[in-house]
Amino acid sequence: MAENCTRKLIVEICNAKNLMPKDGQGTASAYAIVDFDGQRRRTKTKFRDLNPVWDEKLEFLVHDIESMAAEMLEINLYNDKKMGKRSTFLGKVKLAGSVFVKAGEETLVYYPLEKRSVFSQIKGEIGVKVFYVDEEAPPAPAEPAAEQKAETAEEKPKEEEDKKEENVEEKKEEEEKPKEEPPKEEEKPNPPPAEASKSEDTTAAATPPPPPTEVENPPIAHKEEASSTKVVATKSKVETGKSSQLVINELELRSLSGDHNRIAYDLVNRMPFLYVRVVKAKRANKEPACPLHAKLVIGTHSIKTKSQIDKDWDQVFAFDKEGLNSSSLEVSVWAEEEKKEEQKEGDAATTATTVVVDNCLGSVSFDLQEVPKRVPPDSPLAPQWYSLESEKSPGNDVMVSVWVGTQADEAFQEAWQSDSGGLIPETRAKVYLSPKLWYLRLTVIQTQDLQLGSVSEPKVRSPELYVKAQLGAQLFKTSRTPVGSAWNEDLVFVAAEPFEPFLVVMVEDWSNGQLVGQAKIHVPSLERRTDDKTEPKSRWFNLVGAENKPYAGRIHVKACLEGGYHVLDEAAHVTSDVQAAAKQLAKPPIGLLDVGIRGASNLLPVKTKDGTRGTTDAYVVAKYGQKWIRTRTILDRFNPRWNEQYTWDVYDPCTVLTIGVFDNGRYKRDETGKPGRDLRIGKIRVRLSTLDTNKVYLNSYMLTVLLPNGAKKMGEIEIAVRFSCSSWLSLIQAYGTPLLPRMHYLRPLGPAQQDILRQTAMHIVTARLARSEPPLGQEVVQFMLDTDTHVWSMRKSKANWFRVVGCLSHAAILARWLDGISTWAHPPTTILVHVLLIAVVMCPQLVLSTIFMYAFLILALRFRYRMRVPHNVDLRLSYVDAVGPDELDEEFDGLPTTRSPNTVRFRYDRLRALASRAQTLLGDVAAQGERLEALFNWKDPRATGIFVVVCLFASLLFYVVPFKVFVLGSGFYYIRHPRFRGDMPSAPLNFFRRLPSLSDQIM
């Protein structure tokens, strides 16, 4: 950014809603005070209004643009003291500088008002727009600086007075309880309007009159805070014109501290690497320039640099020290010289050909036992000149530095790596980011002045129209309506940044299938909203028909980008991100997730090398939130050791980390030049809510992949996970907040629509990551996102059925226990239940307390038996051990099917048999409810008559008999001895089973 560029922060105070009455008469006279970067502005007072509307813009000067993200914007609402005699504080809002957006991207956001103390009575919300504008700064004269100093000196005593008044008022407010008329001595408005106006007059007398735009929102005296020293220092930097250092707020600092190059690597093992940095060479004699390259030899390892002419190589090579088979390093420099050779062809004339010959300029050797060691944060080792030993061409030098370091060295990421194939892009470690996704809502209202058909075409008496909208590959359409009718239907798309340029809206005639006209809507310029309180503006667009129809009518629509939703791009049960799309709704992280990918063991070969033996080129992909990481590929090893550590910000504890292991097939290309496909090795998931905070979990997990011939164990992966959280309060509060943003509950999307949008978002993320360099394969992203969760699978259906049975088994156990009590299977227990029943009837007030105390003791005792290892994919729960080969083949069959007709017919018959049992079960459940309904509708007059008589006698009986006696008698009757119990069903049960249902009316 240019040095002469200044930034202004614009805070537009729009309105407030549902404020707390503070004047003793059921209303409030509110005004807002905004503080930012040592500056304070004040709005007008809206008298006697609990829903005030200001629509005022307050301007602030950003003294240090680089540190704007570290500043806090504080908005305080007060009740004007002139209009009331109660507490003046109405609420406050604090916004971090990291949520500020550029001009043009701002939206109206409603923030709930926060309390200042425990005893504050606050409610309501305030609507604010915050954005910044960059503009060129005019040269600052010397006189205003002096006047500013004088003004600051005059405002100091006023600031101290305001600070005292505010402290006194805060103490009083904490001490006071909710009373009708608090004493006058406790009323200390912050700040009093009279003193504020007095301060304004004094400031106006000391300085020239401000521009007309600042008269409405004059600066007022602000309180001194602990950060005043920082503000003064920042101002001095701006005044002196010196370049300020980069200032990062605390959240960004925590995130950067977990960066791949800066972390302490405390969750993984340190891997020793031999680093060789070859910078350049210098020749003694000045011969014609020719390409030079350096060659490094360590035992059987040999690698050379790029060939350069009059340029430095400046390349770093990292050799895995455990794989070295020599104790010496030899660095040699070679010159690629051209020589002419003459060849005789029989008696004909000789022909001259040019041949490139490598000429060795010398070499230098290093003893690896004497190489120095370097561990960050030590400074990089400076390269030195070494003389090349050569008998033919002495006097040549090479600049080299050699040291032993670890994977934490900053040179490791860009170095040639011996264990990952060197500088192959497809084998390097990379970090990817998913595109930012938005929902685009298009509301189709109506059309007018349509030019339908032509003269030659027969006219349809009542043509029906529908609207079709297309964004990229997404295509949705409305229902059919007659001409002149309104649709008022919403079409929701998934839009990814950077957005597609246009949303195409087409009107088509359903009767003849012809296009009436189309219009294009510019997507990047659409309005962005964060809630449902601001409706987007409707617009008319002209429809363009064929070439001979430049005007085919017009269409009335509303379009906006919904920033209050979170676009789900993964399965709902394994989601890792729940943040809203709008930047203004971003929440601070509650913790950090550190993942150390240590290594794998006993991997099975998944492909052949040179057609002779099996091999595996394994790498790991981890996904959490929008951040994807990919480790380097360890070539041709069944026990690879990555030892890489990564960090994510955590915004919600009830999220899932997904880690997958793959075999790299993309770094090799086939005969046509196309890259291969990466093969699945296995996947694990770790739910953060199952982890203890600030504890390291170091475990090995089994890698299992589902193949058409069954589940296959591919090996084990060793990872270390740590979920660190500094504030227990914020972590506990997260469990009480909704999982998804507010708009998902105010204007929820239907299940079918959300499933379609989720699949669309998955395809967009897959396509974007596949276009990265190096690409993250489509098969990798689909496997990590579980894009096939909606596909029918007999195995998953059985697994879900047994999950339901497992949940209902607890009720079945309780029913069996009660049956054992009633049948006196264990007489001492039945006698104890008699005593417990008497105690419950005689002391009903102890029932709930006893139940909760029993639950507390049971859960406290089970704490010591809790799961101490994070859960992994359960093969038994997934039902992969008892599934047949035909069912697995059906699961891997795509849509549409590619199997033979006989196979499809067999599977269809099997599905019909399964559905028939479900059909019978649903009919039985419906029959029970219909019998109860028939009892009250006189469908069986005799049964209903009997029930009426029973109800009459029951009412008289319960009028005479106390309720405690009834409960006690019913309990004793239920658990009576088997000697007094019959073998046949009871009369009430027989009566209920005889009631009619609607089963006999179904064809």
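Source: prediction; values computed, not measured.
Crowding of Lys695 atom NZ: a count of heavy atoms from other residues, nucleotides or ligands under 6.0 Å exceeding 12. Around CZ of Arg803, the count of heavy atoms belonging to other residues, nucleotides or ligands within 6.0 Å does not exceed 12. Within 6.0 Å of CZ in Arg994 there are 12 or fewer heavy atoms belonging to other residues, nucleotides or ligands. By the neighbour-count criterion of 12 heavy atoms within 6.0 Å, atom OH of Tyr959 is sparsely surrounded, having that number or fewer from other residues, nucleotides or ligands. Residue-environment remark: CZ (Arg942) stays at or below the threshold of 12 foreign heavy atoms within 6.0 Å. Summarising the local packing, CE of Met853 is surrounded by 12 or fewer heavy atoms from other residues, nucleotides or ligands at distances under 6.0 Å. Residue Trp801 qualifies as open at atom CH2: its count of foreign heavy atoms under 6.0 Å is 12 or below.
In this structure the side chain of Pro901 never reaches within 4.5 angstrom of the side chain of Val904, judged on heavy atoms.
Relative ring orientation between Tyr565 and His744 is described as perpendicular, the plane-to-plane angle rising above 60° on a 0-90° scale split at 30° and 60°. Ring geometry, Phe966 versus Phe963: the interplanar angle falls from 30° to 60°, so the pair is classed tilted. In this pair, Phe802 and Tyr879 present their aromatic rings parallel. The plane angle is below 30°, not in the 30 to 60° band.
Aromatic pair Tyr697/Phe723: ring centres not closer than 6.0 Å. Centroid-to-centroid, the aromatic rings of His810 and Trp817 stay 6.0 Å apart or farther. Residues Phe980 and Tyr973 place their aromatic rings such that the two centres sit no closer than 6.0 Å.
When each of Thr658, Asp577, Thr655 is tested with Tyr624 by the rule side chain to side chain donor-acceptor pair (under 3.5 Å), just one qualifies, namely Thr655. The side chain to side chain donor-acceptor pair (under 3.5 Å) with Arg722 is formed by just one residue from the set Thr693, Asn694, Asp266; it is Asp266.
A donor atom on one side chain and an acceptor atom on the other are not found under 3.5 Å apart for Gln579 and Asp652. Judged by distance alone, the side chains of Ser576 and Glu570 do bring a donor and an acceptor atom under 3.5 Å apart. A donor-acceptor pair shorter than 3.5 Å can be found between the side chains of Arg905 and Asn902. Looking at Glu891 and Ser793, their side chains do bring a donor and an acceptor atom within 3.5 Å of each other. Donor-acceptor pairing under 3.5 Å is recorded for the side chains of Asp594 and Thr647.
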* Asked: So Asp889 and Arg907, salt bridge (charged side-chain N to carboxylate O under 4.0 Å, His left out) or not? Walk me through it.
  -> CA-CA 11 Å; Asp889 183 72; Arg907 293 173 180 174; 2.4 Å; yes
Evaluate the criterion salt bridge (charged side-chain N to carboxylate O under 4.0 Å, His left out) for residue pair Lys939 and Glu933; output intermediate values, then yes/no.
-> CA-CA 9 Å; Lys939 290 188 176 181; Glu933 185 179 357; 5.5 Å; no
key: Candidate pair Arg747 and Asp532, rule salt bridge (charged side-chain N to carboxylate O under 4.0 Å, His left out), full reasoning   = CA-CA 8 Å; Arg747 297 190 64 176; Asp532 63 335; over 6 Å; no
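Between the side chain of Lys683 and the main chain of Phe783, a donor-acceptor pair closer than 3.5 Å is present.
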